[in-house]
Structures are given as C-alpha cells and as structure tokens.
Novice: 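Below are the structure tokens for one structure; questions will follow.
Model, not experiment: these values are computed from the prediction.
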Amino acid sequence: MALIGKINCVLVLACCAALTFGDPTTCDEVRKVFQLKQIGPVKLVPSSPRAASGLQVCVSRNHTCCTRKMEERYQLSARQDLLTLLHTTSSSLRLLLSRHLNAFQESFEVLMKQAENRTNALLRESYASMAAGSADAMREFFTDVGLFLLGSELSPDASLQRLLDGLFPSVYGHLIDPGLGDIDSGYAECVRSTRRELRPFGASPGILANQMARSGATAKLLLQALHLGIEVINTTDHLQLSRECRHALLKMHYCPHCQGLTQSQPCMGYCLNVMRGCLASVAEIDPLWRDFVRSLEGLSARMQGPQDLEQVLLGAPMLLHDAVAYAQGNAPYLAAQVHRLCGPRIRTPGQSASSWKPISTPSIPGQIPAKERGDTLAGRRKDFLGSLRQWRAYYGGLADQLCVRELASADSLSCWNGADVVRSYTMRVVGNGIKAQSDNPEVKVKGADPVISQIIDKLKHVNQLLQGKSIPRLGSLDHIETGSGDREGRASGDCDDEDGCSGSGGGEGRRTFPRIAKLAPDVDSTLRGVPQPDSKDHGPESSGTSTHAGRSAPVLALILTGLHILLVFKQTP
C-alpha cells in the first residue's frame, strides 16, 4: 500500500510539472497568458528562453522568458490585480453601507413630507381660515430640516424661528383679532416683529425645538457615519502600494512565469507574508473599525424618544397644532399687547370681516398610521446593524482572507516560494499590523501609510462622536450642529424626562450649541428649564415684562455711574 501511495504521488507531481512548466524550449505558454491577461503587447515576449539581462526582481541563473519591458508590465499588472481583488472583496460591505445610507435618506425625506402634510391637515381641520396661509412656511421649515440632515449647515432651531415668525401674523389676523378681516402687509410685519417678545405659542415650540435638535443631530450623525464608512472602504480599495510591496507582488505573482510556471500559486505562508506586509497599514484600521461597528450599535440604541427622528416627526403635527391653540387661547392678552406695540388695526376699504372660530379638538390622530409609514426606522437600523456586525473583523483578517480564498495554493500541493516550486514554505510567517513586519522576510515596511493614517484619525473622531464624546473639530465631520436656544420656551442643552425641565418660558438671549455637540443622553444632558408665566398674569406678558425690568436696572446703574464720573472730573481743578 505504501508503494502504491508513493507511485500516486509521483504521478501527481508529474502531471503538475507537465501543466506548469510547459515546453522548456519555447515561451509559447508564457506568451498565451501574457496575451490572455492583456498584460502588454505580445511582441514583448521572446520566442524562446534567453539569458537573464536587466531584470531587477525576477532574477534567475537560468534562461528566462522575461525581459526588462515584460517585468515592468508584470509589476503594473500585479498592482492592479491586488487593487481589483480588494475592490471585489469589499463590494458586499460597500453595497451594504451605500444601500442603507440611501434607504435612511429616503426614509427621512418621506417622513418630512408626511409630517408636513399631516400638520397642514390638522390646521385645516381646526383653523381653516389661517391654514392656507401657513402652508408655505411649513414647507420651508420641513425642507430646511431635511437639508440639515443631508449635511447642510442650516440650523433646525433657526428654521423653527422662521416658521414661528411667519406663522404669527396669520394666526393673529385670523384667530386672535379676526374682526377686521385679512391683515395688511405693513401691519403683518409689525406683528411678526413682536413674536419673540410676546412668545405667543407657549411651551410646544420649545419642546419641538429641543426634540428636533436632539433627534436631528443623531440622525445626521448616523448618515455622516455611513458616509465615512464608505470613505474608509474606498480609501483602502485605492491603496497606494509602496515600492517594496510592488516588487513583492511581482515576485509572488509573475516571476514564476519567467521560468514557464504560468499555473503555479504561492505557498500559503509566503502569500501571508507578502499580503500582511503590503496591507500592514490597512490592518491598523481593524481596532477602529470594530469600535466603529460597536459605536453605531450604541448610537442606534440611544435613538429613542427625543432622539428618534421618526417619533419626533410623528409628534410634530400635534405640537404645532397645540402651539396655535395656545395662541388662540390667549387671544385677549395677545391682542392687547400687539395693540400696545403696533397700534390698533384699521379696516381699509375692501376688507371684509371674518368670523372668530373657537378652539377645536382635531379628530385626526397626531401620528401617521403604520401602514402609511411602512417599516419603522428602528427596524431598519436593527436589520442594518445585524448585517454590519458580520463585517466587524473585516480589516483584521483581510490579508488572510485574500490568501486563503483567492491567492495561495492549497495545502499538500506544490507551491511557489519566491524562488522555486517547493512542497512547503519554510520561512517565518509574521503577524498583522505594522509592528509585526519588522521580521517579515518578504516585504520591508518602513512605516504607516499617511493616507491610511488620515482615515484612521477620521474613524477615531466619528467613533467619539457616536459615543457621545466632545472632541476637537476634524474635517467634514465638524458640521454637526444641534440647534440653539430660542425665546419660544427652550433653553439650549439636552433634557431627559427625569430632569424635570419644562422647556417653556423666557430666555431672552439666544444660546448656541457648540458645532460639535455631546450627543449621548447621558452626557451634558441637563436642560436649563425656565419658568412659565404665572397664570394670574393671564398670559405670557409677565415674563417679558420682568425681562425688560431686569434689563433696565443695569442700564440705569451705568447711567448713574457715568454722571458721577462727569461730576468728579468737573470738580477736579
């Protein structure tokens, strides 16, 4: 039995030799492969082996089918082969990220449009006289929020301020002081200018602004993280290979052709040394990429309640409806204040009186039915992260994956070791990463690739953002804004339910969030609540009046100080 096994082994080796070496007296097989792979013009390949001359990498003591021109072409082909293989290997991961990026963007756009339509429908049912005049302002508001999510520097807070400024004249003319019909443009401008002082819409805009800031920031960060994931893949797919790496690839892939070994494959250990050397910088991405996947999971887990854009948009129509209802409920007080600031309205010729309509409770539910929305964003995030989790070790095992699945010879078969066809590779096999390459016998790694180092820095940055940590700005990722405080009843910062903050009332000045905000609910999550107007004041005027009083005291002190200084100078000889 042992003799039969030896005979079979000899036959296998003979067959392999017949397939790989071809005719030792001609270069016909080399020419066929050279032409088939479109490496270069066939005329570069000699008709028969010749003495090696001018070769830099594929040096040999025997006759060779390679020339210097062929070696140059082989080196270009070896580089392109690796880049193509990297692109093919990452194609599924790239598709996963890009497909879900587009799906999330489309979902946000659909939700924005549905929230806009729902808001207009609620206002038409309850306040038909003023709803038509608010449609354009609603469209502009939801469009601005959508643009913010897609990367613009528009602030959702500023967009809400413009919405309320545009809404107040229509609410005033139709619901608060409707007796004289439509409001003229000049008077409307004066009414608009009083909105931030009077705060006619109560606490609802502050709640919506805070929720928009939090959910908008997290949703925008999710999209930016997916953009960065695609950028990481594109960067590694277009890796700039060092001179040492290009020579090693040439030696591994095409130097065997020079000896007529067109069908040979590299030994596993040899392939691992070459690929781990060429991809040493890429392997440094591995811990950051694993952290990237975990951080996305953490962000998704926090995207609930005020940080879930879907829930916020589902509640926006009712909050805006309640804001209008609050203004109508304080109609006598607001009318008196506008008369004080802008004067009484005067009916002009052609104006017709409009009837006042009491506050009504809308029969339309404040949420969009599930069948109208389709799958929830939470469900889509779960599906996406379940698929992405399978790729968390992609960069750590990339070199090994290429050798095992694509490049190296299977165990027990003859293989190329960089110099000859052998039964096994005997050199030391190094590990992954830059530090491990100091003992690499095949590729000399001089240091980190600067382009890969840049993408690693970006990954570090976005990982800290995803984890809710505040760090210095970096690149395009510093455009994340979470809004600012407004006078409609919201102070800047986050507010959890357990904080007990109301989100309504004063706050005369505007406080702006930092451009890179702490997004996690457990980081910087205290919203400074401000007191609502006392009910005995019959409206929001009291907070505004106290604010003016608070302003006048320091002004008066400055005036008295100035007069005292003048008197001192006057009395000085």
Novice: Do you know which two heavy atoms are closest between K460 and L288, and how far apart they sit?
Specialist: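 Heavy atoms of K460 and L288 come nearest at CG-CD1, 3.4 Å.
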Novice: How long is the span from the CD atom in E116 to the CE atom in M138, to the nearest 0.5 Å?
Specialist: 9.0 Å
Novice: Is D291 salt-bridged to R294, cutoff N-O under 4.0 Å?
Specialist: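 The answer is yes: the pair qualifies as a salt bridge.
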Novice: Locate the shortest heavy-atom distance separating Y270 from A248; write the atom from each residue and the value.
Specialist: OH-O, 4.3 Å
Novice: In terms of side-chain geometry, is the basic nitrogen of R139 or D136 positioned less than 4.0 Å from the acidic oxygen of its partner?
Specialist: yes
Novice: Which atom pair, heavy atoms only, marks the closest approach of V429 to N273?
Specialist: CA-OD1, 3.3 Å
Novice: Is there a donor-acceptor pair under 3.5 Å between the side chain of E109 and the backbone N or O of G146?
Specialist: no
Novice: Output, in order, the C-alpha distance, side-chain angles, deciding distance and verdict of side-chain contact (heavy atoms from CB on, under 4.5 Å) for I456 and V232.
Specialist: CA-CA 8 Å; I456 286 176; V232 172; over 6 Å; no
Novice: Measuring from M268:CE to D400:CG, what's the distance to the nearest 0.5 Å?
Specialist: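 Between M268 CE and D400 CG, I get 9.0 Å after rounding to 0.5 Å.
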Novice: Distance only, no hydrogens: is a donor on one side chain within 3.5 Å (strictly under) of an acceptor on the other, for T235 and E231?
Specialist: no
Novice: Please report the closest heavy-atom contact between G447 and S281, naming both atoms and the distance.
Specialist: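 G447 and S281 have their closest heavy atoms at O-OG, 4.0 Å.
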Novice: Please check: side-chain N/O of Q114 versus main-chain N/O of L313, any donor-acceptor pairing under 3.5 Å?
Specialist: no
Novice: If only atom types and distance count, is the side chain of N463 paired as donor or acceptor with the main-chain N or O of L459 below 3.5 Å?
Specialist: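 Between the backbone of L459 and the side chain of N463 there is a qualifying donor-acceptor contact (under 3.5 Å).
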Novice: Would you mind checking if D165 and R195 are paired as a salt bridge, meaning a charged N to carboxylate O distance below 4.0 Å?
Specialist: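 So R195 pairs with D165 through a salt bridge.
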Novice: Might you work through the side-chain contact (heavy atoms from CB on, under 4.5 Å) test for L377 and M303, ending with a clear yes or no?
Specialist: CA-CA 10 Å; L377 284 175; M303 293 178 71; over 6 Å; no
Novice: Could you check whether any side-chain heavy atom of L85 comes within less than 4.5 Å of a side-chain heavy atom of L407, counting everything from C-beta outward?
Specialist: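 Side-chain contact under 4.5 Å: yes.
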Novice: Taking the side chain as everything from C-beta on, heavy atoms only, tell me whether L319 gets closer than 4.5 Å to I207.
Specialist: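 Answer yes - side chains close enough.
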Novice: Less than 3.5 Å apart, any donor N or O on the side chain of Y326 or S204 sitting next to an acceptor on the other?
Specialist: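 The criterion, which ignores hydrogens and geometry beyond distance, is not satisfied for S204 and Y326.
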Novice: Is S170 reaching over with its side chain to a backbone N or O of L167, donor-acceptor style, under 3.5 angstrom?
Specialist: no
Novice: Do L122 and Y127 have side chains that approach each other closer than 4.5 Å (heavy atoms only, starting at C-beta)?
Specialist: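 Sidechains of Y127 and L122: no contact.
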Novice: Please report the closest heavy-atom contact between L86 and D237, naming both atoms and the distance.
Specialist: O-OD1, 3.3 Å
Novice: Using 30° and 60° as the class boundaries, would you call the ring planes of F108 and F104 parallel, tilted or perpendicular?
Specialist: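 Rings of F108 and F104: parallel, as their planes differ by under 30°.
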Novice: Stepwise, does the side-chain contact (heavy atoms from CB on, under 4.5 Å) test hold for M212 with V312?
Specialist: CA-CA 7 Å; M212 279 289 189; V312 170; 4.2 Å; yes
Novice: Answer whether the closest heavy-atom distance between the side chains of R389 and E297 falls below 4.5 Å.
Specialist: yes
Novice: Does atom CD of Q80 have more than 12 heavy-atom neighbours from other groups under 6.0 Å away?
Specialist: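 Yes, enclosed.
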Novice: How far does CD1 of I230 sit from OG of S90, to the nearest 0.5 angstrom?
Specialist: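 Reported to 0.5 Å precision, the distance equals 11.0 Å.
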Novice: State the OG-CG distance between S91 and L96, to the nearest 0.5 angstrom.
Specialist: 11.5 Å
Novice: Tell me whether R246 contacts the main-chain N or O of L241 through its side chain, where contact means a donor paired with an acceptor under 3.5 Å.
Specialist: yes
Novice: Between the side chains of H87 and R94, is a donor N or O closer than 3.5 angstrom to an acceptor N or O?
Specialist: yes
Novice: Examine the side chains of S126 and H321 and answer whether a donor and an acceptor come within less than 3.5 Å of each other.
Specialist: yes
Novice: I need the F141 CZ to L320 CG distance, nearest 0.5 Å.
Specialist: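 Going from CZ on F141 over to CG on L320, the span is 6.5 Å.
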Novice: Between the side chains of Q467 and S295, is a donor N or O closer than 3.5 angstrom to an acceptor N or O?
Specialist: yes
Novice: For the atom pair NZ (K446) and SG (C245), what is the distance rounded to the nearest 0.5 Å?
Specialist: 12.5 Å
Novice: Check whether F142 forms a cation-pi arrangement with K113 (NZ or CZ under 6.0 Å from the six-membered ring centre, at most 45° off the ring normal).
Specialist: no
Novice: When you measure from the side chain of S152 to the backbone of L147, do you find a donor-acceptor pair of N or O atoms at a distance under 3.5 Å?
Specialist: yes
Novice: Contact between L150 and K220 at the side-chain level, heavy atoms closer than 4.5 Å - yes or no?
Specialist: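 L150 does not reach K220 side chain to side chain.
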Novice: Between S300 and R381, which heavy-atom pair has the shortest distance, and what is it?
Specialist: OG-NE, 3.1 Å
Novice: Do V145 and L160 pass the side-chain contact (heavy atoms from CB on, under 4.5 Å) test, and can you show the C-alpha distance, the side-chain angles, and the key distance before you say yes or no?
Specialist: CA-CA 9 Å; V145 174; L160 182 61; over 6 Å; no
Novice: What orientation do F384 and H100 show, parallel under 30°, tilted 30 to 60°, or perpendicular over 60°?
Specialist: tilted
Novice: Sub-3.5 Å donor-acceptor pair from the side chain of E125 to the main-chain atoms of A121, do we have one?
Specialist: no
